[in-house]
Colleague: 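Attaching a single structure in structure tokens format; questions to follow.
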Amino acid sequence: MAQPLTSEEIEKAIQDLPEWEYGNDKISKEYSFDNFRDAISFLVRISYEAEDQVHHPEIMNVYNTVNISLSTHDAGGKVTEKDVKLAKSIESLYNN
Ligand SMILES: C[C@H](O)[C@H](O)[C@H]1CNC2=NC(N)=NC(=O)C2=N1
């Protein structure tokens with residue numbers, strides 16, 4: 001089972017994750033798009049990656065913005081390597 005990361009490990013991990021923040025036992029980022037369609041298309045792409053990784057984000061969408069928050073339920077809602085891995089995958093989706 002994934003072990004919770006220490007705050008120091010999390011802060012180090014998000015150094016490689018531009019604009020990701022750590023707080024309230026989650027890592028999170030807000031993404032903006034030109035329109036609602038592009039925002040939802042991004043969410044659809046995330047859904048496939050999340051299913052592949054069997055690890056799922058918390059998602060908030062308002063118009064052309066998408067807020068992604070990651071924590072691991074199976075680790076008491078703390079941040080684990082699974083969250084860091086999915087965050088890196090989401091960054092790749094956003095940049096490609
Ligand atoms: C049974 C299933 O694999 C587990 O419930 C998975 C599903 N997706 C998950 N997503 C997240 N964020 N945390 C989990 O612990 C988790 N566990």
Colleague: What pair of heavy atoms forms the shortest contact from Ala50 to Pro57, and how long is it?
Modeller: CB-CD, 4.0 Å
Colleague: Is there a donor-acceptor pair closer than 3.5 Å between any side-chain N or O of Lys29 and the backbone N or O of Pro18?
Modeller: yes
Colleague: Indicate every side-chain donor-acceptor pair of residues 59-74 with a distance under 3.5 Å to a residue at least two apart or in another chain.
Modeller:
| residue | atom | partner | partner atom | Å |
| --- | --- | --- | --- | --- |
| Asn61 | ND2 | Tyr63 | O | 3.2 |
| Asn61 | ND2 | Thr65 | O | 3.0 |
| Asn64 | ND2 | Phe33 | O | 2.6 |
| Thr65 | OG1 | Val62 | O | 2.9 |
| Asn67 | ND2 | Glu30 | OE1 | 2.9 |
| Thr72 | OG1 | Thr80 | OG1 | 2.6 |
| Thr72 | OG1 | Asp83 | OD1 | 3.3 |
| Thr72 | OG1 | Asp83 | OD2 | 2.6 |

Colleague: Which atoms form the tightest heavy-atom contact between Leu17 and Glu91, and what is the distance?
Modeller: CD2-CG, 3.9 Å
Colleague: Considering only residues two or more places apart or on different chains, which pairs with a residue in residues 2-20 satisfy salt bridge (charged side-chain N to carboxylate O under 4.0 Å, His left out)?
Modeller: none
Colleague: Give, for atom CD1 of Ile46 and atom CG of Leu43, the distance between the pair rounded to the nearest 0.5 Å.
Modeller: 5.5 Å
Colleague: Do any pairs count as a ring-ring contact (aromatic ring centres under 6.0 Å, His included) and have a residue in residues 7-31, sequence neighbours left out, and if so which ones?
Modeller: Tyr31-Phe42, Tyr31-Tyr94
Colleague: Identify, with sequence neighbours excluded, every residue that meets side chain to side chain contact (heavy atoms under 4.5 Å, CB included) alongside Lys85.
Modeller: Gln53
Colleague: Do any pairs count as a salt bridge (charged side-chain N to carboxylate O under 4.0 Å, His left out) and have a residue in residues 40-52, sequence neighbours left out, and if so which ones?
Modeller: none
Colleague: Can we say Lys26 and Glu58 salt-bridge, meaning some charged N sits less than 4.0 Å from an Asp/Glu carboxylate O?
Modeller: yes
Colleague: Minimum heavy-atom separation for Val79 to Ile27, with atom names?
Modeller: CG2-N, 4.0 Å
Colleague: Distance from Ile90 atom CD1 to Asn95 atom CG, nearest 0.5 Å?
Modeller: 12.0 Å
Colleague: Take Lys88 and Val84 through the test side chain to side chain contact (heavy atoms under 4.5 Å, CB included) and record every step on the way to the result.
Modeller: CA-CA 6 Å; Lys88 289 178 177 173; Val84 174; 3.8 Å; yes
Colleague: Can you name the salt bridge (charged side-chain N to carboxylate O under 4.0 Å, His left out) partners of Lys78, sequence neighbours left out?
Modeller: Asp25
Colleague: side-chain hydrogen bond (donor to acceptor under 3.5 Å, both in side chains) with Ser28: which residues, sequence neighbours excluded?
Modeller: none
Colleague: Please enumerate all residues that pass side chain to side chain contact (heavy atoms under 4.5 Å, CB included) together with Asn24, with sequence neighbours excluded.
Modeller: none
Colleague: Which residues pass the salt bridge (charged side-chain N to carboxylate O under 4.0 Å, His left out) test with Glu81, sequence neighbours left out?
Modeller: none
